[in-house]
Structures are given as C-alpha cells and as structure tokens.
Amino acid sequence: MLPADIPQTDHLLELVEMRGIPSITISLPSSPVPADHERIRIQLRGLIDDADRQAQDAGIDRPEREQALARLRAVLDDDDFWTHQSRSVVLLAAPERIHAFRLADRLTARATVSDRFDTGPLLRAVTFPRRAFLVQISRGGARLTEFGADHGLTEHNLPLPSDHQLILTEADNGGQADFPRPQGATGDRLERERYCRVVQDEVARIVPRDVPVILCAATDLDPTYRAVNTHRTLLESGIDAHPDSLDDKALEEKARSILDDYEEGLLAAWRERFGTLRAQGLATDSLDDVAVAAANAAIDELLFDMDSSAEGTIDDRGRVERATAPGAESTVLVDEIAARVLRTGGTVRAARHDEMVEGSPVAATLRFPLEQMAT
C-alpha cells in the first residue's frame with residue numbers, strides 16, 4: 001500500500017483557516033521507488049528556491065522568509081520522511097510550523113507564496129476517497145483487507161482471540177466434554193452468530209463508519225454475519241464466492257466492481273434528488289449562485305469537479321472574480337467553495353468531470369432558496 005497522510009476534516013479546516021505571511025505551499029510528484037528519491041529531493045530544492053524568489057518579490061521581510069524556508073529545507077534532510085513515499089508530496093510551511101503530506105494522487109510541481117496555504121490537493125484527497133474494506137470469513141478463519149483509488153488490497157491485522165476458530169469446531173467426542181454446546185440446528189446457529197460477532201466487532205472497531213465494507217463469506221456464514229453486523233455501510237452486494245476460492249487479484253477485481261456500482265448508484269440517486277430540488281428552487285449548478293450559497297451557509301450537499309482548475313477570488317458575500325491566470329492572490333474556485341461548505345457543516349464530495357451535472361464544475365442542494373440569501 002502506498003503511504004498516504006490524509007488529514008481529518010477538523011485538521012483540514014484548521015489548515016484552511018490559517019492566515020499568515022508568508023504561507024508557502026509546495027506540491028511535487030514523488031515516487032515509492034527509493035532510487036527516485038534523490039531526483040525528487042533535487043526538484044524540491046529547486047521549488048524551495050522558487051518560493052524564496054516569490055517571497056522576495058512580494059517584499060516579505062527576510063527573518064520571516066528565512067524561518068519558513070528553513071523548515072522546508074529540513075524536510076530535504078529528513079531520511080525518515082523519505083523512507084516511505086507515495087506519488088506526491090505536499091508541504092505547507094510558515095515561520096512557526098510545517099506540515100508534510102504524502103498523497104497517492106499525482107500532482108504537478110508548484111510553489112506558491114501567499115497569506116494562506118493552498119489546501120486544494122488535501123481537500124480532494126479527503127472528499128474523493130474511492131476506498132473500501134473487504135471482509136473474508138469462512139469456517140477456516142477471517143481476513144480484513146483495504147483497497148483505494150491508488151492501491152490494491154492491503155491487509156489489516158484482525159486481533160481475534162486465539163481460540164476463536166474453536167467456536168465452530170466440533171471435538172471428536174461431539175463437543176460433549178471440553179466445549180459444551182447447544183445441540184441441533186439452534187445450537188449451530190448460536191455458534192455461527194458468536195463466531196461472526198467476534199469478527200464483526202473487530203471490523204467495526206477498525207473500519208471508519210462511513211467507509212464501505214464488502215463481504216465475501218462462506219454460504220452458511222453470509223446471512224449470519226449480516227444479521228450481527230453493526231457497521232453502517234456494509235454493502236448489500238457481496239462477493240458471491242467462497243473466500244478461499246479466489247486469489248487477491250480476483251478478489252480485488254470483484255470488490256472494485258461492487259464499489260463502482262455502489263458509488264454510481266449513490267451519484268445517480270443524488271442527481272435525481274438534485275433535479276427534484278432544483279425544480280423547487282432548492283438546488284443549483286451555477287458556480288456564481290453556489291458561491292453565494294456557500295457564503296450564506298446555505299449548502300446542504302456539494303458535488304464539485306476535482307479536475308476543475310479555474311482560479312479567482314470569492315469575497316465574504318460570495319461574489320466571484322475570475323482570474324485570467326493563477327496567482328498568489330487567487331485560489332481554485334471550487335476548492336474555496338468546498339472549504340466554505342465544510343466549514344458550515346455541509347457535505348462535500350469530489351467527482352470526476354464526466355460525473356458532474358450538465359458539465360458544470362459544481363452542483364449543490366440548498367438548505368433554503370437563493371432568494372432568501374443576503375446579496
């Protein structure tokens with residue numbers, strides 16, 4: 001699995017809110033291959049020099065500039081950080097702090113100096129997870145793996161009791177002596193429930209509550225596991241095969257197909273709901289209207305195009321000024337809108353361009369109509 005440092009929403013919003021001069025953001029492509037790391041460090045050194053030039057051109061005093069740059073240069077010498085790399089690096093540096101993130105997305109090399117950090121790459125990582133967990137369970141044991149948009153199956157340790165498999169094991173004497181069990185169909189059902197509950201309790205403890213779980217269970221354990229499940233996003237569709245009959249490649253292919261169908265269903269339902277609400281004046285795909293709605297804490301759910309790069313500024317009332325070219329004073333418009341929605345308790349989801357509504361970079365459902373908003 002590629003290492004990834006994905007901030008929690010609260011931490012992301014803290015970074016979004018931070019203000020100070022200079023606030024330096026550096027993003028660059030990286031590689032999990034150790035032989036590439038020296039080349040990447042050389043590229044990072046060049047981006048740090050670029051940030052230095054931008055800071056000087058902006059008239060930032062040397063002491064503050066040098067403090068922030070020193071924190072960036074320290075990353076160059078941090079061997080522990082470079083030991084495990086992913087596909088990209090994002091560094092956020094200010095005189096008093098630095099934050100370093102490794103992301104599985106492929107980013108372009110860029111250095112910016114402003115009064116705030118460019119948190120767009122982190123925002124996309126938080127709102128476009130394409131991630132799920134796979135539970136395999138049979139009488140022979142249980143396994144928990146995870147896969148994401150940019151990595152295959154990765155195993156998680158399931159700390160089950162050492163004797164958990166004995167729950168389903170009949171001793172040679174029929175279980176009459178060492179492991180007394182209820183007899184008949186009811187007894188077998190109780191044993192299956194106990195066995196599945198032990199596994200499910202650990203799965204629910206490990207897997208975040210909003211991340212989908214896909215089940216691959218032996219025929220006799222599938223309904224039992226579902227009956228005792230407490231995880232809110234165990235998907236109805238599971239892998240219809242015995243857990244021991246598939247290798248990891250086949251498991252991943254089947255699991256990804258199930259996750260794709262699930263997410264397509266969610267988007268289709270969302271778009272249908274969006275159309276209904278738009279007819280009632282409670283949804284819009286106009287970027288200008290969505291920006292005003294975000295400024296008025298009126299957005300319930302936002303869908304935004306993760307590939308949109310149009311920049312500009314949005315004032316406190318939501319008025320948009322589009323930029324002709326990227327600059328220190330501008331930001332990616334959809335990122336700024338998404339951050340405002342998160343800040344006001346709305347739900348945000350990044351999507352690919354072909355998943356958007358009628359080609360717009362944003363679509364939002366509203367808590368109250370646009371005409372009720374301050375302008």
A.B. asks: Specify whether H99 and F117 have parallel, tilted or perpendicular ring planes, treating 30° as the upper limit for parallel and 60° as the lower limit for perpendicular.
C.D. replies: perpendicular
A.B. asks: Under 3.5 Å, is there a donor-acceptor pair between the side chain of T344 and the main chain of R340?
C.D. replies: yes
A.B. asks: With a 3.5 Å cut-off and no angle check, do the side chains of Q85 and S30 form a donor-acceptor pair?
C.D. replies: yes
A.B. asks: Working note: F101 + L15, criterion side-chain contact (heavy atoms from CB on, under 4.5 Å); need CA distance, chi angles, decisive distance, verdict.
C.D. replies: CA-CA 12 Å; F101 299 93; L15 296 172; 3.8 Å; yes
A.B. asks: Measure the shortest side-chain to side-chain distance between H242 and S138 over non-hydrogen atoms and say whether it is less than 4.5 angstrom.
C.D. replies: yes
A.B. asks: Just by modelled atom types, is the E272 backbone N or O under 3.5 Å from a matching donor or acceptor in the T276 side chain?
C.D. replies: yes
A.B. asks: For residues A323 and S330, report the shortest heavy-atom separation together with the two atoms involved.
C.D. replies: CB-CB, 4.2 Å
A.B. asks: Nearest 0.5 Å please: distance from the CG atom of D300 over to the CG atom of L282.
C.D. replies: 10.0 Å
A.B. asks: Is there a donor-acceptor pair closer than 3.5 Å between any side-chain N or O of T127 and the backbone N or O of L123?
C.D. replies: yes
A.B. asks: Regarding D244 and R143, does a basic nitrogen lie under 4.0 Å from an acidic carboxylate oxygen?
C.D. replies: no
A.B. asks: Less than 4.5 Å apart, any side-chain heavy atom of P212 and any of Y262?
C.D. replies: yes
A.B. asks: Please check this pair: side chain of S27 against backbone of T108, looking for a donor-acceptor N/O pair closer than 3.5 Å.
C.D. replies: yes
A.B. asks: Flag the pair E96 and R71 as a salt bridge only when some basic side-chain nitrogen lies within less than 4.0 angstrom of an acidic carboxylate oxygen.
C.D. replies: no
A.B. asks: Is E191 paired with R194 through a side-chain N to carboxylate O contact shorter than 4.0 Å?
C.D. replies: no
A.B. asks: Regarding R62 and D52, does a basic nitrogen lie under 4.0 Å from an acidic carboxylate oxygen?
C.D. replies: no
A.B. asks: Kindly indicate, with the supporting measurements, whether the criterion side-chain contact (heavy atoms from CB on, under 4.5 Å) is fulfilled by D77 and W82.
C.D. replies: CA-CA 9 Å; D77 301 322; W82 292 101; over 6 Å; no
A.B. asks: Determine whether M306 and V90 fall in the same hydrophobic cluster, where Ile, Leu, Val, Met, Phe, Trp and Tyr are linked whenever their side-chain heavy atoms lie under 4.5 Å apart.
C.D. replies: no
A.B. asks: Hey, could you give me the CG/CG distance between L144 and L134, rounded to the nearest 0.5 Å?
C.D. replies: 8.0 Å
A.B. asks: Are there over 12 heavy-atom neighbours, none belonging to D354, within less than 6.0 Å of that residue's CG?
C.D. replies: yes
A.B. asks: Once you round to the nearest 0.5 Å, how far does OG1 of T145 lie from CG of L251?
C.D. replies: 7.0 Å
A.B. asks: Please determine if D188 and R192 form a salt bridge, counting it only when a charged side-chain N lies under 4.0 Å from a carboxylate O.
C.D. replies: yes
A.B. asks: Is the side chain of D78 donor-acceptor paired with the backbone N or O of D80 at a distance under 3.5 Å, no angle test?
C.D. replies: yes
A.B. asks: Decide yes or no on salt bridge (charged side-chain N to carboxylate O under 4.0 Å, His left out) for D50 and R110, but give the supporting numbers first.
C.D. replies: CA-CA 9 Å; D50 184 19; R110 184 183 182 189; over 6 Å; no
A.B. asks: Of V290, V362, L267, which meets side chain to side chain contact (heavy atoms under 4.5 Å, CB included) against L303?
C.D. replies: L267
A.B. asks: Just by distance, do the side chain of S86 and the backbone of L103 share a donor-acceptor pair under 3.5 Å?
C.D. replies: yes
A.B. asks: Within the 4.5 Å heavy-atom criterion, are L122 and V16 side-chain neighbours or not?
C.D. replies: no
A.B. asks: Evaluate the side-chain proximity of I239 to L246: yes if any heavy-atom separation is below 4.5 Å, no if none is.
C.D. replies: yes
A.B. asks: Can you give me the closest heavy-atom contact between I299 and A293, atom names plus distance?
C.D. replies: CG1-CB, 3.7 Å
A.B. asks: Taking F274 as the starting point, is it possible to reach F368 by hopping between hydrophobic residues whose side chains are less than 4.5 Å apart?
C.D. replies: no
A.B. asks: Distance from D305 atom CG to L287 atom CG, nearest 0.5 Å?
C.D. replies: 11.0 Å
A.B. asks: Establish, from distance only, whether the side-chain atoms of S31 and D36 form a donor-acceptor pair under 3.5 Å.
C.D. replies: yes
A.B. asks: Look at the side-chain heavy atoms of Ile, Leu, Val, Met, Phe, Trp and Tyr, link any pair under 4.5 Å apart, and say whether W270 and L366 land in one connected group.
C.D. replies: no
A.B. asks: I'd like to check V203 versus L158 (side-chain heavy atoms, cut-off strictly below 4.5 Å). Are they in contact?
C.D. replies: yes
A.B. asks: Rounded at 0.5 Å granularity, tell me how far CG in L235 sits from CG in L259.
C.D. replies: 7.0 Å
A.B. asks: Is it the case that over 12 heavy atoms from other parts of the model lie below 6.0 angstrom from the CD atom of E236?
C.D. replies: no
A.B. asks: Dump the intermediate steps for salt bridge (charged side-chain N to carboxylate O under 4.0 Å, His left out) on K249 and E252, then the final yes or no.
C.D. replies: CA-CA 5 Å; K249 181 179 179 181; E252 183 183 341; over 6 Å; no
A.B. asks: Taking T83 for its side chain and D79 for its backbone only, find out whether a donor-acceptor pair lies under 3.5 Å.
C.D. replies: yes
A.B. asks: For a side-chain contact (heavy atoms from CB on, under 4.5 Å) check, start with the C-alpha distance between R343 and E17, then their side-chain angles and the critical distance, and finish with the verdict.
C.D. replies: CA-CA 9 Å; R343 197 181 301 138; E17 297 286 352; 2.3 Å; yes
A.B. asks: Can R319 and D288 be counted as an ion pair, charged N to O under 4.0 angstrom?
C.D. replies: no
A.B. asks: Output yes when a side-chain donor or acceptor of R87 lies under 3.5 Å from a complementary backbone atom of P29, and no otherwise.
C.D. replies: no
A.B. asks: Give a yes or no on whether a salt bridge exists between D307 and R352, defined as a side-chain N under 4.0 angstrom from a carboxylate O.
C.D. replies: no
A.B. asks: CD of Q67 to CG of D61: how many Å apart, nearest 0.5 Å?
C.D. replies: 11.0 Å
A.B. asks: Please lay out, stage by stage, how Q200 and T230 fare under the test side-chain hydrogen bond (donor to acceptor under 3.5 Å, both in side chains).
C.D. replies: CA-CA 8 Å; Q200 192 285 147; T230 61; 2.9 Å; yes
A.B. asks: Do L370 and I337 belong to the same hydrophobic cluster, where Ile, Leu, Val, Met, Phe, Trp and Tyr are linked whenever their side-chain heavy atoms lie under 4.5 Å apart, directly or via other members?
C.D. replies: yes
A.B. asks: Looking only at heavy atoms, what is the nearest atom pair of S360 and D285, with distance?
C.D. replies: OG-O, 2.6 Å
A.B. asks: Just to verify, which of R349, R271, R273 counts as forming a salt bridge (charged side-chain N to carboxylate O under 4.0 Å, His left out) with E301?
C.D. replies: R273
A.B. asks: Of the non-hydrogen atoms in F81 and A100, which two are nearest, and what is the gap between them?
C.D. replies: CE1-CB, 3.8 Å
A.B. asks: Here's a test for you: under side chain to side chain contact (heavy atoms under 4.5 Å, CB included), which of D222, T224, L221 qualifies with I137?
C.D. replies: L221
A.B. asks: Which atom pair, heavy atoms only, marks the closest approach of H231 to V211?
C.D. replies: CE1-O, 3.1 Å
A.B. asks: Under 4.0 Å between a side-chain nitrogen and a carboxylate oxygen: does that hold for E263 and R130?
C.D. replies: yes
A.B. asks: Are I24 and I21 connected into the same hydrophobic cluster when the rule is that any two of I, L, V, M, F, W, Y join if their side-chain heavy atoms are below 4.5 Å apart?
C.D. replies: yes
A.B. asks: Grab the two heavy atoms, one from F133 and one from P208, that are nearest each other, plus how far apart they are.
C.D. replies: CE1-CD, 4.0 Å
A.B. asks: Would you call K254-D261 a salt bridge at under 4.0 Å N-O?
C.D. replies: no
A.B. asks: Using modelled atom types only, decide if a donor and an acceptor are shared between the side chain of T25 and the backbone of L92 within a distance under 3.5 Å.
C.D. replies: no
A.B. asks: Assess whether atom NE2 of H11 is packed by more than 12 heavy atoms of other residues, nucleotides or ligands within 6.0 Å.
C.D. replies: yes
A.B. asks: Quick check against the 3.5 Å criterion: does R256 have a side-chain atom that pairs as donor or acceptor with the backbone of G148?
C.D. replies: yes
A.B. asks: Under a 4.0 Å threshold between the charged nitrogen and the carboxylate oxygen, would D220 count as salt-bridged to R139?
C.D. replies: yes
